[in-house]
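Report on the structure given below.
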Number of protein chains: 2
Amino acid sequence: MAKSAARLKDIAQQTGFSVNTVSLALRGSPRIPDETRRQIVEMADKMNYLPNQVAKSLVMKETRSIGLVLTDITNPVLTAVAQAVELELSRLGYITLFATSNNQLDLERKVIETFRQRRADGMLIFPCNHRQIDHIRKLRARNYPVVLLVGDPDAGVDAVCMDERAGAFKATTYLIDSGHRRIALIHSGGENGNFEKLDGYKMALAAAGIPFDPDLLVASRGHDVRNGFGAMETLSGRTTGATAVFCSNDSLALGALRFCTVRGISVPRDLAIFGFDNIEFAEHAATALSSVNYDIEAITGLAIERVISLINAKAEWPAPRVTLVEPDLVIRESTAGQWRPASRIG
Amino acid sequence: MAKSAARLKDIAQQTGFSVNTVSLALRGSPRIPDETRRQIVEMADKMNYLPNQVAKSLVMKETRSIGLVLTDITNPVLTAVAQAVELELSRLGYITLFATSNNQLDLERKVIETFRQRRADGMLIFPCNHRQIDHIRKLRARNYPVVLLVGDPDAGVDAVCMDERAGAFKATTYLIDSGHRRIALIHSGGENGNFEKLDGYKMALAAAGIPFDPDLLVASRGHDVRNGFGAMETLSGRTTGATAVFCSNDSLALGALRFCTVRGISVPRDLAIFGFDNIEFAEHAATALSSVNYDIEAITGLAIERVISLINAKAEWPAPRVTLVEPDLVIRESTAGQWRPASRIG
DNA sequence: CCTCGTAGTATTAACGATAATACAGCACCG
DNA sequence: CGGTGCTGTATTATCGTTAATACTACGAGG
């Protein structure tokens, strides 16, 4: 903290008015006549006065800060979310407190506690596990404004999130409609109990009367480019006859694409690849990647709106509401054209 | 802010001790006997007490928060910096306040002011312009702990940053040593007065006795993949005989690489490409990219160390110190092999 | 037996702001 | 001419914590 910032008291002493008069003048109270205000404002400028937000927060019982808990900020989607949230909140006069849980439940608990200690007015949370959110439910029970950015409809906590099931369904259906019958799924969500994308994939197959083949399912160890490469390697080692691969995120898809480049598998001729999230690099990959678009602006916008409405809810505390945003597909080169039986991999 | 959090006063009332006794007990003062402490701690747990950091900050005159001003969090380097800073600061018991200046000087001023109002104990700043930092100098003059993450040695403000000149020198020299004589530079830093990389490039040429050719210099409009593609297009439209391209960041290099892919220019056979920053996607590009490594851990670690030492400096306020971290090269496929006169572009 | 130190606890004063209330002085009105 | 209301300002309380100081009881020492 700066050693010796000017306080209201200092301005009061210099101008000869009382602290309260100075405070009122600077806040534009109509009870202070223009001449008095002029003197005070002038002195405040001269002394480089900046109100102490800490003191203000204490008496006003609001910090105008909102905590954002991310699992991992290097994930391009979360980076973009962080950016969008910070931008919108600063527009609304809030500061954003960031913390990353690094996908560890105990760390998540700790950062939430830290935010609570700092009296963040509300929180936006990407829980590291959809199924273990008791500590978050407890927050809500104590009337703390919380909005999840990934959530179950039956979580009992407000949430605004992408309808991953619908996204996976749409993408898989698109591949089916393009003539594919043997569609692999490279999936990373398993460990945290995220089966929405798998569900959507299965539903699309079922809707088209295609039986689900476990051989076409590859569980990647993590969710970055390297894991995508490895998963694609695993897949190509099986005899599956896959003509398309749907990846549960774009980094995995880029890894799969790179594997194809290295092995001379032509995309989309030999293999179509569909990603998820539509990150910036998807568009600019060696072969531009088709992807399920994560509409970050829409989701963060709604989540912020919700958390602020909870903050402003005085007496009547509304029932939790889960908003699902249905994603659109972005079709690019990696899934171009109708697929006709020709070459296959594996 | 949560509607009804337990306060010291509430614990005091429940246990029958005074507020001060409760405070001392919870902070582990030796003056409180074990039995008293036990009762108080028990009650605190039962009431789910969490100290109010706002009140604490007010009286302790420190918020244990540090502001980080970034130009643009979607820049992968800055994302990684944000992550590293947040991680290290949280380890040290600080919270990180983020804000982005979006490369606008007035916004930068505004967010710095916001941090000052919130009494951040110190700030780490990526200034949007190396040359216009008067407002930051003024901060330091008021004994506010600030450390720049990009800086001039003569800025008069503490800074810890990558030696971009040395990095550019090293990369260009590497290309020269690989046999290249016609080395283009795709450069984005111009508008903000960042000429370090250009300088390093020119120094390397001069050291090798190669004359600088302005035709080989392409100023990109921005610094993302699209701009790299465009810049490469511009370059290939000139008759320059370039055999290598050094790009002032990896996104530009990825764009250049993509242009080559599209136009059938083989990398590195027809053209070597060297990037800058060594972002994650550089390694996983269609052709793995050689790059100047930005040692984020080292730089953020030193910067944090410095800002904290400034925070703890009581009376003696040390003279500003600029620390330059010399980067290493990461050589990958995109600059593989010695270059022999064969095909050229342009 | 009276002082003195000390252990345990309480009281009071900060921190820097806002909010509620109080109090002059003056104009207006019946 | 006394009350009433307004205008401009000051006083006081409050937010939840820490820090400095004050008190009380008790045991030890001269």
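Chain A is the first sequence line, chain B the second, and so forth, proteins listed ahead of strands; every chain is numbered from 1.
- Under 4.0 angstrom from either OP1 or OP2 of dT18(D) there lies at least one side-chain N or O belonging to Ser23(B).
- The local environment of CG in Asp34(B) is sparse, with at most 12 non-hydrogen atoms from other residues, nucleotides or ligands closer than 6.0 Å.
- Counting heavy atoms from C-beta outward, Thr71(A) and Asn102(A) have side chains that stay 4.5 Å or more apart.
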Under the criterion side chain to side chain contact (heavy atoms under 4.5 Å, CB included), I'd like the reasoning laid out for Leu89(B) against Ile95(B): C-alpha separation, chi angles, the key distance, then a yes or no.
CA-CA 6 Å; Leu89(B) 284 180; Ile95(B) 201 171; over 6 Å; no

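- Spacing between atom CE of Met60(A) and atom C1' of dA19(C) amounts to 11 Å, rounded to whole angstrom units.
- Under a 3.5 Å cut-off, the side chain of Arg116(A) and the backbone N or O of Val111(A) do not form any donor-acceptor pair.
- Atom-to-atom, CZ of Arg118(B) to P of dG16(C) comes out at 18 Å; the value is rounded to the nearest Å.
- If you check residues 27-42 of chain B against DNA chain C, the residues with a heavy atom closer than 4.0 Å are Arg31(B), Pro33(B), Thr36(B), listed by number.
- Between the C1' atom of dG16(C) and the CG atom of Leu26(A) lies a distance of 13 Å, rounded to the nearest Å.
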List, with names and distances, any nitrogen or oxygen atoms from the protein found under 3.5 Å away from nitrogen or oxygen atoms belonging to nucleotides 13-16 of chain D.
residue, atom, partner, partner atom, Å
dC15(D), O3', Lys61(A), NZ, 3.3
dG16(D), OP1, Lys61(A), NZ, 3.0
dG16(D), OP2, Arg7(B), NH1, 3.0

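- Counting to the nearest Å, the P atom of dA7(C) and the CG atom of Leu24(B) are 15 Å from each other.
- The residue among Ser18(B) and Leu50(A) whose nearest nucleotide of DNA chain C is located toward the 5' end is Ser18(B).
- Atoms CG (Asn20(B)) and P (dA19(D)) sit 10 Å apart, rounded to a whole Å.
- Counting non-hydrogen atoms of other residues, nucleotides and ligands closer than 6.0 Å to CZ of Arg321(B) gives a total of 12 or fewer.
- Rounded to whole Å, the distance from CZ on Phe17(A) to C1' on dT11(D) is 16 Å.
- Nearest heavy-atom pair, Arg306(A) versus Asp158(A), reported as atom, atom and distance to 0.1 Å: NE-OD2, 2.5 Å.
- Without hydrogens or angle criteria, Asp121(B) side chain to Ile66(B) main chain gives no donor-acceptor distance under 3.5 Å.
- When each of Val69(A), Leu68(A), Val85(A) is paired with Phe98(A), the side chain to side chain contact (heavy atoms under 4.5 Å, CB included) condition holds for Leu68(A) and for no other.
- Counted by atom type alone, Glu86(B) and Thr100(A) present one or more donor-acceptor pairs between their side chains at under 3.5 Å.
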